Structure formats: C-alpha cells, structure tokens
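Predicted, not measured: the structure shown is a model, and the values here were computed from it. Labels below follow one simple rule: chain letters A, B, ... track the order of the sequence lines, proteins then strands, and each chain is numbered from 1.
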2 protein chains.
Amino acid sequence: MEEQQVGSLHFQIDFSQPLYEQILDQARSAIAKGEIALGEKMPSVRELAQELRINPNTVMRAYQELERDGLTEKRRGQGTFVTSSADNVASFRTALAAKYIDSFMEQMENLGLSWEDIEKYVRGKKDSGTGGDGL
Amino acid sequence: MEEQQVGSLHFQIDFSQPLYEQILDQARSAIAKGEIALGEKMPSVRELAQELRINPNTVMRAYQELERDGLTEKRRGQGTFVTSSADNVASFRTALAAKYIDSFMEQMENLGLSWEDIEKYVRGKKDSGTGGDGL
DNA sequence: TTAAGTGTATTATATCACTTAATACACTTA
DNA sequence: TAAGTGTATTAAGTGATATAATACACTTAA
C-alpha cells in the first residue's frame, strides 16, 4: 500500500514479499521499460532507504543484485548508475522473460491447460466482457 | 531430485521450495489432470510422511489446504479422499489458472512485453529450432 | 585540507516461516 | 480390542529476512 516516488523511480512496497525483492523487481521493471534512462543516476543507498523507511542493508541487497544483472554500474564515492549499455538491458529483459515464460508454461502444464486454452482466456480479458467464456 | 511414487501419486521433492508447497502443488496437479480419480483414496498422512521421509505435520499442512481448495474430503477414522465432484475440480482449475495467468501477465507487463511478444516466443519453442528469434 | 556524500563491510540482534519431534485424543473399521 | 485414520498441542531448531550501530575507502566540492 506504501507508494513512493524517489527520483525517477516509483515504488509500491507492502509485506507480501521480502522488501529487497520488491525493490529489485520494481527497479528492474523501471530500467527495462526505460522509465529511468540509460546512464542515469539511481537514488543512493541511504537516500532510498530513508525515503522507503527501511534499512540501508536491505536496499544494498537489492542494488547488488541489480549490478549482477548488468543493469547498473557502481562508482565508489559517486553512486549507482543505470548501465549505459542498451544491450545489457535488452539481454537481461529477454533472459528474465524467457525464465518467467518457461515457469509459467510449466504451471499451466501442471493444471492440464493447453496454449490454446490460455490464448482464449487472454483474448477474453482483452475484449473485456465481449463474451469470453474464460477458460 | 527425490522421486517417489505413493499410491496413484507421484512426487518430486527438493529444497527449492517449502515442502508443504511442493506436496500441495503436485497433489493439486494430479487431481486436476485426473491422474488420481474422483473419489479415490489419498495416501494417509502418516503413510505419505513416511514414504517422503518428512514430518506428518508437514503433510497435514498440505492436506488441509487441499480440503480448503475443495479438492479433497476427509472422513475421520477413514482417511482423505479426492472429491467426487467434477465441478469442484473444474472450478478450482479455472480459478487457479486465472490467478496464474493474471500474475504472469503482470510480470510481462513489468518487463514491457506485449502479448504478441509472448506468442512469438512460445511458438518459437513449439517449433523447436525452426528459426524462432526468441523475443 | 575538510566536509559531505558515496558504496561497502561487519557484528549483533530480532522476528518469522518452515520443519521436526513427541505425544495425545477422537473416530472408524475389522 | 487393536490398528489405522485425522487432528491438536507443545517444544525445539534452522534459515531467511530485516534492523541497528559502526566503521572504512573513495569521490567531489567547498
């Protein structure tokens, strides 16, 4: 329910998931969608922690994963910056998407649903209320 | 890595997720796909615990959720049985699938991927190696 | 040089989810 | 009566998560 704008970044934090995961996911999303530009400075660890009213260590954990993802670069004494490599962002996006899709397809398989079933449901939602049977 | 057949049920247990969740997911899947028939007796709490070499309390937790799902019925002194209501199974399946799909679509949205992007990727995997660019 | 702002590391503590263990009780069936 | 059911309780241990307090190395600007 907590809604916060910090610099170019927007966060919605709740208690449904670990805090560092929510920060990670939402920062990833902002970078992948270009809501924060290539090369742009991220909020500092301390600043983000203060704004979100959480511990700096928790922010650090998310930031370190962002760097492992190749989405940010850190410059000691200066701060954390979004990577200036569009390739990094693109390849991260495709890799994570592939992972999500594969995992999702396995879930559907476990429920005995085919790709056609899924398509039908999604199209039903897009044309909201035009008579999609919904699975 | 642990692979176990217990009655009509098949389990693969590892340590990537809580044990009770894995039992729950795999039992749900077996019921949804009809691998265990309507009305059929499930392994007893103690038996399943012994076969999987885990604590009965952990099995209990999964079994209680199965009952809340409407997928099983318990008869004191007799055991746990798959529901005999095909409607229960069907409605559970659609409800859970809808939940998974909505959650998945949100993930894709967060990565800035459209439904067409997803379709392209999935079709590429189905025609394995016929030149799908993959996102 | 100094001060303020960076990322980073360490140690300690607390809480919670998950799991195990041991035991006991109520019920059903043979 | 005995064995097999689901169920409940209490206790304990482990690991992930999060906080707190400090300290250090580096960069930049005053």
Under a 3.5 Å limit on both distances, the Watson-Crick or wobble mate of C/dT29 is D/dA2

Would you mind telling me which of D/dT5, D/dT17, D/dT27 lies closest to the side-chain atoms of A/Glu21? D/dT17

Which one, C/dT8, C/dT28, D/dG6, comes nearest to the side chain of B/Gln78? C/dT28

Over all heavy atoms of both residues, which pair between A/Tyr100 and B/Phe104 is shortest? Give the atoms and the distance, please. O-CE1, 4.0 Å

D/dA16 pairs with, by Watson-Crick or G-U criteria that keep both distances under 3.5 Å: C/dT15

Does A/Arg61 reach a base, just sugar-phosphate, or nothing at all? Heavy atoms under 4.0 Å. sugar-phosphate

Taken to the nearest whole Å, CD1/B/Ile23 to C1'/C/dC18 is 12 Å

Polar side chain donor-acceptor pair, A/Asn55 to A/Thr58, under 3.5 angstrom: no

Output the single nucleotide from C/dT8, C/dT19, D/dT19 whose closest atom is nearest the side chain of B/Thr58. C/dT19

From the candidates C/dA21, D/dA18, D/dG6, the one with an atom nearest any side-chain atom of B/Asn55 is C/dA21

In whole Å, I'd like the distance from the CE atom of B/Met60 to the C1' atom of C/dA24. 14 Å

Quickly work out the A/Leu19 CG to C/dC16 C1' distance and round it to whole Å. 13 Å

Which is more 5' along DNA chain D, the nucleotide nearest B/Ser44 or the one nearest A/Gln17? Just name the residue. B/Ser44

Proximal nucleotide (of C/dA9, D/dA18, C/dA22) relative to the B/Asn57 side chain: C/dA22

To the nearest angstrom, the CZ-C1' distance between B/Phe15 and D/dA16 comes to 16 Å

CD (B/Glu40) with more than 12 external heavy atoms under 6.0 Å: yes

Of all the choices, D/dT19, D/dA23, D/dA18, which nucleotide is nearest to the side chain of A/Tyr20 once you look at every atom? D/dA18

Name the closest nucleotide to the A/Tyr63 side chain, picking from C/dG7, D/dT19, C/dT20. C/dG7

Between D/dA3 atom C1' and B/Gln50 atom CD, what is the distance in whole Å? 14 Å

Mind calculating the distance between CD1 (A/Ile13) and P (D/dT19) to the nearest angstrom? 11 Å

5'-most contact on DNA chain D: A/Arg76 or B/Pro43, nearest heavy atom basis? B/Pro43

Using only heavy-atom distances, determine whether the side chains of B/Glu35 and B/Ser8 contain a donor-acceptor pair under 3.5 Å. no

Against the side chain of B/Thr80, the closest entry in C/dG7, D/dG6, D/dT17 is D/dG6

Watson-Crick or G-U wobble partner for D/dA30, using a 3.5 Å limit on both distances? C/dT1

Select base, sugar-phosphate, or nothing to describe what A/Gln64 touches, counting heavy atoms under 4.0 Å on all strands. sugar-phosphate

Under the 3.5 angstrom rule, does the side chain of B/Arg28 hit a backbone N or O of B/Leu71 as a donor-acceptor pair? no

